[in-house]
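As the structure is a prediction and not an experimental result, all values here were calculated from the model. Scope of the values below: all heavy atoms of this structure, side chains included, with no hydrogens, waters or symmetry mates.
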Amino acid sequence: MIAKIYPSSCHGNVLIPPSKSMAHRAIICASLASGISRIDNVAYSQDILTTIEGMRALGAEITTHDDFVEIKGINDFSRCQSQEIFCNESGSTLRFFIPLFSLCDRSITFTGRGRLMERPQSVYEELFHAQGLRFEHQDDRITIEGALHSGNITLAGDVSSQFISGLLFTLPLCEQDSYITIQEPFESRSYVILTMQMLEHFGITTEFANANIIKIKGRQKYHAGCYTIEGDYSQLAFFACLGALHHDLSITGVSHTSKQGDKVIMKILKQANVNYREIPNGYQIAKSEVKGCEIDLADCPDLGPILCVLAAFAQGKTHIKNAGRLRLKESDRIAAMETELTKLGVNIHSKDGDIYIEGQSTYPGGVTLEGHGDHRIVMSMAVAATLCQNPCTIIGAHAVAKSYPQFFDDLKSVGIEVARYE
């Protein structure tokens with residue numbers, strides 16, 4: 001799909017979609033629980049549909065409705081109905097599934113598309129080999145065989161938290177207690193806490209023995225339950241930045257008490273001189289004189305692309321640090337943002353995991369931008385295009401289906417002029 005974004009001003013209210021991170025976790029936990037669970041406020045993005053199909057393959061009976069799912073969980077792992085699990089482009093799905101599907105104790109192959117199989121999996125590879133299990137990572141697939149077992153596991157803290165979460169789903173089902181030691185720097189801690197909270201909701205006990213060691217009791221059982229998915233702060237960020245740069249905008253559908261790591265967007269906006277106030281279930285964002293600042297992405301890498309856009313239109317210089325993991329996402333997000341913002345005329349450069357941007361109030365636009373097969377690049381460039389003097393075209397705009405299928409509809413609902421072509 002091609003999207004053409006015209007210079008236009010936003011207004012009104014936008015309802016933020018449910019959290020993809022929390023939906024992954026809730027669907028997996030419910031699928032592992034004996035009995036019937038109901039998960040409300042589910043948005044069927046490509047990634048969530050991928051997780052649903054994977055858990056069905058494991059043996060869960062999942063019925064989808066307009067905005068909720070009913071799940072009859074599995075009793076044991078012998079009901080796995082497939083030896084090949086397609087993970088599409090979802091890094092979360094793949095990394096959550098690998099240790100979990102090992103409990104089937106037979107050969108399982110994971111496939112995907114895009115850059116998924118290029119993304120690092122050495123954490124699991126080393127762990128599986130240390131336990132004498134099969135782990136083969138080829139260009140287009142990963143094959144495992146043998147059931148992961150309990151023990152003392154040490155992981156680097158500066159790799160994706162998805163590895164830690166994958167183990168947290170799995171180790172409670174093993175025979176003995178386990179300990180996961182996370183080496184400093186422990187980045188994306190908030191995502192690990194989200195996983196632990198979801199596990200607790202479905203009857204699984206995990207706890208921090210200290211700041212860097214998680215204790216997981218063995219021989220636990222998941223319990224069925226109901227859960228409502230809250231709004232997604234990583235998606236809120238696009239409209240919060242739009243409102244800050246354009247015109248006052250109300251954003252609803254999120255919890256003020258959320259534990260999502262990407263809620264830090266609100267602190268970052270304050271740091272960048274953006275004015276906002278809390279309203280019921282959301283925020284009123286005011287158009288502000290946005291100023292450059294230093295931003296640390298260690299605990300919120302998904303915010304990187306849209307914060308590059310915020311910096312591009314801010315007064316002064318912005319330094320975005322600890323952004324190295326952006327290079328290992330659906331695209332090399334640092335290189336992608338550097339390429340596309342440079343087309344607009346933005347003064348941006350990067351070195352390793354640091355991004356440096358000197359902003360200005362507007363740019364000529366009138367250029368064709370590439371989506372790089374990455375939902376967050378497409379959405380970020382769409383926000384940037386609204387502030388340019390001439391319309392911009394985005395090629396590959398369909399990538400938004402990965403996490404936020406209705407993004408362009410929501411953009412139009414707040415007054416942004418968008419034309420779409422297949």
Is the closest basic N to carboxylate O distance between [X] and [Y] below 4.0 Å?
X      : Y      : result
Arg325 : Glu187 : yes
Glu330 : Lys402 : yes
Asp374 : Arg333 : yes
Asp302 : Lys329 : yes
Lys287 : Asp248 : no
Glu294 : Lys321 : yes
Lys267 : Asp296 : no

Mind checking whether [X] and [Y] have side chains closer than 4.5 Å, heavy atoms only?
X      : Y      : value
Ile164 : Phe186 : yes
Thr111 : Asp140 : no
Val414 : Phe239 : yes

**OP:** Please work out which of the three classes, parallel, tilted or perpendicular, describes the rings of Phe163 and Tyr124, given edges at 30° and 60°.
**Re:** perpendicular

Original post:
Any idea how Phe313 and Tyr363 line up, ring-wise: parallel (<30°), tilted (30 to 60°), or perpendicular (>60°)?
Top reply: perpendicular

Original post:
To the nearest 0.5 Å, how far apart are OG in Ser102 and CZ in Arg134?
Top reply: 13.5 Å

Original post:
Is the cationic atom of Arg38 (NZ for Lys, CZ for Arg) positioned less than 6.0 Å from the six-membered ring centroid of Phe68 and within 45 degrees of its normal?
Top reply: yes

Original post:
Looking at Phe169 versus Phe96, is the centre-to-centre ring distance below 6.0 Å?
Top reply: yes

Original post:
What about the rings of His256 and Tyr283, do their centers lie closer together than 6.0 Å?
Top reply: yes

Atom [atom1] of [X]: over 12 foreign heavy atoms under 6.0 Å:
X      : atom1 : result
Glu200 : CD    : no
Lys291 : NZ    : no
Lys221 : NZ    : no

**OP:** Any chance you could lay out the side chain to side chain contact (heavy atoms under 4.5 Å, CB included) test for Tyr227 and Asp40, step after step, and finish with the verdict?
**Re:** CA-CA 6 Å; Tyr227 192 87; Asp40 283 288; over 6 Å; no

Subject >> Expected output: side-chain Lys217 to main-chain Ile204 donor-acceptor under 3.5 Å >> reply: no

**OP:** Apply the test side chain to side chain contact (heavy atoms under 4.5 Å, CB included) to residues Glu84 and Phe86: give CA-CA distance (whole Å), side-chain angles for both, the deciding distance (0.1 Å), then the verdict.
**Re:** CA-CA 7 Å; Glu84 183 171 316; Phe86 180 60; 6.0 Å; no

